[in-house]
Amino acid sequence: RALILPGLSRAGKSTLALALVLAGARFLSDELLCLGADGRARAVPRAPKLRDECLAYFPELAGACVGAGEARFVPFEALPADVLGAPAAIGTIALPRWTPDGDDRPRPIARGEALLALAGSSLNFGAHGAASLDWLTALVAEARTFALAWRDPRAAAAALLAEHMR
């Protein structure tokens, strides 16, 4: 099942996604959630972004990065083999937030809170209108939902994967 990380810029989505991949998770996307008509998440293969301030979390990848600053990416060749995941139903929605006081532990939240976060970061309301909310509501109804205040992406990824696998 897929784990999605909706949120605004600088919440730590890309950093957590990279930590999840290094912990053994498969990768679907760094920027977009593409849902098929069957409600399954589909891969949108774009190399994960790694900002300057997050490079220290992954020193083993520093030499493999392409670009710099806001345009630094980790090529798929630098990640574990077979990193791209197959289409999957959504199993977990976690709302990340980097904070120096984070405890790296997922905390259950109401599905409504997850729905609001998904709606706030959705792009296709103009094309699909109210049907978009119906799709997001159905997606959230089947998922476990968490908030994740994190400071160490590897510790947060390990805790999130443990919850996701339950």
Side-chain angles (χ1 to χ4, degrees), residues 1-35 39-61 65 70 72-74 79-80 83-123 132-133 135-166:
R1 296 181 60 88
L3 185 158
I4 60 175
L5 304 167
L8 300 176
S9 183
R10 299 203 173 266
K13 302 176 303 290
S14 296
T15 305
L16 279 177
L18 188 54
L20 285 160
V21 164
L22 294 175
R26 296 288 178 101
F27 183 84
L28 291 174
S29 176
D30 181 39
E31 290 292 330
L32 297 171
L33 171 63
C34 178
L35 289 176
R40 296 167 66 85
R42 304 243 183 297
V44 181
R46 178 176 166 231
K49 183 189 289 188
L50 185 58
R51 296 181 193 270
D52 287 342
E53 60 269 24
C54 299
L55 193 56
Y57 293 127
F58 309 104
E60 73 275 26
L61 297 175
C65 290
E70 292 293 312
R72 178 184 293 109
F73 294 89
V74 180
L79 298 175
V83 70
L84 288 179
I90 306 301
T92 301
I93 301 168
L95 313 182
R97 181 177 58 88
W98 179 87
T99 174
D101 301 324
D103 64 5
D104 302 319
R105 292 194 329 245
R107 305 244 186 253
I109 59 170
R111 285 187 171 88
E113 187 175 348
L115 176 62
L116 288 173
L118 283 170
S121 58
S122 292
L123 302 174
S132 293
L133 280 176
W135 294 333
L136 294 178
T137 300
L139 187 150
V140 170
E142 300 298 322
R144 299 179 66 215
T145 55
F146 298 94
L148 178 61
W150 68 271
R151 69 173 178 259
D152 176 344
R154 293 181 194 253
L160 190 53
L161 272 179
E163 285 291 344
H164 178 65
M165 301 306 286
R166 283 187 193 195

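The residues of the chain are indexed from 1 along the displayed sequence.
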Who are the side-chain contact (heavy atoms from CB on, under 4.5 Å) partners of [X], not counting sequence neighbours?
X	result
Arg111	Val140, Thr145
Ala86	none
Ala156	Leu16, Asp104, Leu148, Trp150
Ala159	Pro106

Is [Y] close to [X] at the side-chain level, that is, under 4.5 Å between some pair of heavy atoms?
X	Y	answer
Leu22	Phe58	yes
Leu95	Pro6	yes
Pro48	Thr15	no
Val21	Pro80	yes
Arg105	Glu163	no
Leu28	Pro87	no

Determine yes or no for a side-chain-to-main-chain donor-acceptor pair under 3.5 angstrom, with Arg144 supplying the side chain and Pro108 the backbone. no
Quick one: does Arg151's side chain have a donor or acceptor within less than 3.5 Å of a partner on Gly102's backbone? yes
Nearest 0.5 Å, please: how far is [atom2] in [Y] from [atom1] in [X]?
X	Y	atom1	atom2	answer
Phe146	Ile109	CZ	CD1	9.0 Å
Leu161	Arg166	CG	CZ	12.5 Å
Lys13	Ser29	NZ	OG	11.0 Å
Phe27	Leu20	CZ	CG	10.5 Å
Ile4	Ile90	CD1	CD1	4.5 Å
Arg1	Thr92	CZ	OG1	8.0 Å

Considering the options Leu136, Leu139, Leu115, which one meets the side chain to side chain contact (heavy atoms under 4.5 Å, CB included) requirement together with Ile93? Leu139
Does a salt bridge link Arg72 with Glu53, judged by any charged N lying under 4.0 Å from a carboxylate O? no
Do Glu142 and Arg40 sit within salt-bridge range, that is, some charged N less than 4.0 Å from a carboxylate O? no
Mind checking salt bridge (Lys or Arg N to Asp or Glu O under 4.0 Å) for Arg46 and listing every partner two or more places apart, or none if nothing turns up? Glu31
Partner residues of Asp152 under the side-chain hydrogen bond (donor to acceptor under 3.5 Å, both in side chains) criterion, sequence neighbours left out: none
